[in-house]
Amino acid sequence: MTSPLPLKELAVDVVEAGARRRKGMVPCRLGQNIDFDLEALESYSSIKWQTTVYDALVVAAVVEFCDRSLARSAMNWGRKFLVHIPVHDPDKWSEKTVTRALVEALNLLTGDDWHFEFRARKASAECPPQDRMRFPSNAEAVLAYSDGMDSCAVAGLESNRLGRRLVRVRVGSKQHDVSKKDRLRIPFTALPYSVKLDNGRNAENSARSRGFKFSVVSTMAAYLIDAPSVIVPESGQGALAPVFLPVGQGYEDYRSYPGFTALMARFFNALLGYQIQYRFPRLWMTKGETLREFVDVCGSEARWATTRSCWQQSRQVAVSGERRQCGVCAACMLRRLSVHAAGLNEPPETYVWESLKAATWESGAAKDFASFTLALREYSIAGVLHFEHFASLRESVQYELIKRRRTNELARSLSEPPAAVAQNLDRLLQQHAIEWSVFTNDLGSRSFVRQWIDDAL
């Protein structure tokens with residue numbers, strides 16, 4: 001019998017200032033590889049602040065450090081991580097219910113094999129001051145937001161519904177839209193830590209651990225202000241399609257999937273005794289429907305055009321020294337589909353690929369772009385076929401099997417009747433198919449996008 005391929009392995013020791021790493025382990029130094037911004041951390045310092053909150057943020061940062069430090073094998077997606085972390089209450093973190101819930105959530109999310117050992121800190125972390133932030137007393141929900149279109153649109157829609165009972169939590173480090181004065185009094189205006197690798201470059205860019213970071217940061221914020229729920233802003237295509245039909249040969253992307261958040265809710269209940277509910281208000285809508293409603297409800301305040309969907313780095317998508325969005329990865333393709341479905345328009349210069357109607361992939365790009373790579377072309381093809389397959393899923397022979405499995409899973413995670421979930425899923429897939437058909441037909445039969453679809457049939 002052939003044994004499975006061994007997993008690539010990384011042992012990481014989280015090291016406090018002045019301490020030495022354990023032999024044979026890669027050091028992750030607090031204050032160097034993981035650096036807390038004291039001003040940003042202060043924006044989390046409610047009267048409910050406790051060291052467990054700080055330790056949870058450290059764990060999220062360490063998971064990101066590990067994820068970015070070890071490249072995945074071309075032959076085997078999974079990796080094995082052995083992680084030693086100093087915490088203030090090692091007995092609590094080492095409880096089986098806590099560790100098991102943590103590992104189950106991370107294993108599902110990243111497709112890796114995680115192992116943790118917790119030990120006592122040598123020195124306690126300094127408690128941030130608690131006398132400047134204006135923490136709301138009647139918060140109903142927390143929403144983690146970034147520069148993405150979904151978080152922008154859903155934040156606008158939910159703010160219109162909840163007003164000040166919705167609290168936004170930034171999950172990026174940028175603070176350009178928050179004044180210095182507001183940062184001194186408004187909570188959760190920035191991610192309170194940064195993660196830096198010693199060589200400055202990621203060994204792995206799949207970034208599946210981002211879902212864990214988003215969940216930890218938003219749930220810690222909800223806990224600190226006694227908010228009963230966290231809103232997950234992704235629409236149906238972004239939350240479900242990457243799980244139902246992974247792009248290319250990759251592992252399913254569970255970052256915004258109810259099955260993952262259900263495991264995170266179990267983890268936080270074990271760690272804090274805190275019952276959090278994750279809500280998905282746009283799960284059964286397409287991104288185009290969400291964008292259209294956002295524009296209709298918020299009018300001139302719906303500044304969707306300034307959001308960013310592309311995950312490509314600046315050096316990969318620059319034209320004449322200016323950063324753009326690539327326009328052809330799966331995230332950009334979904335954005336362009338959604339803008340079209342919403343009846344809106346963007347300037348061609350928003351994207352490196354200014355035209356999807358071009359006869360060839362290369363000719364669709366901006367005239368001054370020269371960084372064509374095989375990897376980007378493969379990402380482009382995979383993204384197009386991903387949404388084509390999602391559009392045809394209801395007609396496929398595998399659909400009933402996929403539907404039965406995922407419907408039961410979603411019904412448990414969402415605490416909804418399976419029949420209602422099945423009905424909502426059918427409607428979502430039908431709406432996506434309509435939007436995708438209109439979008440690709442409008443590109444014309446000579447478009448390289450249509451050619452890729454036709455060649456795959």
Side-chain angles (χ1 to χ4, degrees), residues 64 68 143-159 168-178 188-191 194-195 202 205-211 213-214 217-218 231-235 237-239 241-242 247 253 255-256 282 286-288 290-292 294-295 298 300-342 344-356 364-366 369 371 375-376 379-380 383 386-387:
E64 180 180 344
R68 291 166 52 187
L143 185 146
Y145 73 102
S146 59
D147 295 324
M149 183 183 287
D150 275 319
S151 63
C152 173
V154 176
L157 291 170
E158 292 295 314
S159 291
R168 304 186 189 194
V169 179
R170 188 184 291 277
V171 289
S173 58
K174 295 180 180 178
Q175 303 182 58
H176 61 273
D177 58 346
V178 182
F188 317 130
T189 57
L191 187 70
S194 60
V195 178
N202 293 338
N205 291 312
S206 56
R208 294 300 172 82
S209 65
R210 287 186 68 199
K213 174 171 71 174
F214 280 34
V217 172
S218 57
I231 293 173
V232 182
E234 273 69 22
S235 298
Q237 294 135 309
V247 176
D253 190 341
R255 282 178 289 183
S256 301
R282 311 304 300 185
T286 66
K287 193 166 185 167
T290 296
L291 179 58
R292 182 69 258 172
F294 177 45
V295 171
C298 298
S300 61
E301 296 299 312
R303 298 186 177 91
W304 62 271
T306 59
T307 62
R308 186 168 186 86
S309 302
C310 188
W311 56 268
Q312 301 279 355
Q313 297 179 2
S314 299
R315 58 187 175 83
Q316 298 169 312
V317 290
V319 177
S320 301
E322 295 292 327
R323 185 186 186 192
R324 298 187 184 184
Q325 305 190 60
C326 78
V328 287
C329 68
C332 283
M333 195 62 66
L334 178 55
R335 178 191 179 95
R336 299 179 89 154
L337 164 64
S338 304
V339 171
H340 183 274
L344 303 171
N345 294 288
E346 291 182 284
E349 296 78 17
T350 301
Y351 305 104
V352 172
W353 262 260
E354 296 178 350
S355 175
L356 298 180
F369 182 71
S371 301
L376 185 53
Y379 280 132
S380 304
H386 173 67
F387 292 115

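Remember, it's a predicted structure, so these values are computed and weren't measured experimentally. One is the number of the first residue; the rest follow in order along the sequence.
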Any salt bridge linking [X] with [Y]? Criterion: basic side-chain nitrogen under 4.0 Å from a carboxylate oxygen.
X: Arg335; Y: Glu346; value: yes
X: Asp150; Y: Lys287; value: yes
X: Arg324; Y: Glu322; value: no

Heavy atoms, side chains only, cut-off 4.5 Å: are [X] and [Y] in contact?
X: Lys213; Y: Val171; value: no
X: Ser355; Y: Pro348; value: no
X: Gln316; Y: Leu376; value: no

In Å, rounded to the nearest 0.5 Å, how long is the span from [atom1] of [X] to [atom2] of [Y]?
X: Glu234; Y: Met149; atom1: CD; atom2: CE; result: 12.5 Å
X: Phe387; Y: Leu337; atom1: CZ; atom2: CG; result: 7.0 Å
X: Trp311; Y: Tyr379; atom1: CH2; atom2: OH; result: 4.0 Å
X: Leu334; Y: Gln237; atom1: CG; atom2: CD; result: 5.0 Å
X: Thr307; Y: Tyr145; atom1: OG1; atom2: OH; result: 14.5 Å
X: Ile231; Y: Glu158; atom1: CD1; atom2: CD; result: 4.0 Å

Under 3.5 Å donor-acceptor, [X] side chain and [Y] backbone:
X: Arg292; Y: Ala342; result: yes
X: Gln312; Y: Cys326; result: no
X: Ser151; Y: Ser146; result: yes
X: Arg336; Y: Gly327; result: yes

### salt bridge (charged side-chain N to carboxylate O under 4.0 Å, His left out) partners of Arg168, counting only residues at least two apart
none

Might you point out which heavy atoms bring [X] and [Y] nearest each other, and give the distance in Å?
X: Ala366; Y: Val319; value: CB-CG1, 4.0 Å
X: Val154; Y: Arg282; value: CG2-CG, 3.6 Å
X: Cys329; Y: Cys310; value: SG-SG, 4.2 Å

### Message
One pair to check against side chain to side chain contact (heavy atoms under 4.5 Å, CB included): Cys152 and Phe294. What are the steps and the verdict?
### Response
CA-CA 9 Å; Cys152 173; Phe294 177 45; 3.9 Å; yes

### Task
Could you check Asn345 against His340 for side chain to side chain contact (heavy atoms under 4.5 Å, CB included), going step by step and ending with a plain yes or no?
CA-CA 7 Å; Asn345 294 288; His340 183 274; over 6 Å; no

### Task
Would you check, one step at a time, whether the test side chain to side chain contact (heavy atoms under 4.5 Å, CB included) holds for Thr306 with Asp147?
CA-CA 8 Å; Thr306 59; Asp147 295 324; over 6 Å; no

### Message
If you count every heavy atom of other residues, nucleotides or ligands that lies below 6.0 Å from Arg308 atom CZ, does the total exceed 12?
### Response
yes

### Message
One pair to check against side chain to side chain contact (heavy atoms under 4.5 Å, CB included): Leu143 and Val169. What are the steps and the verdict?
### Response
CA-CA 6 Å; Leu143 185 146; Val169 179; over 6 Å; no

### Message
Do Thr290 and Ser235 pair up side chain to side chain, a donor and an acceptor below 3.5 Å, judged on atom types alone?
### Response
yes

### Query
Who passes ring-ring contact (aromatic ring centres under 6.0 Å, His included) against Trp304, sequence neighbours left out?
none

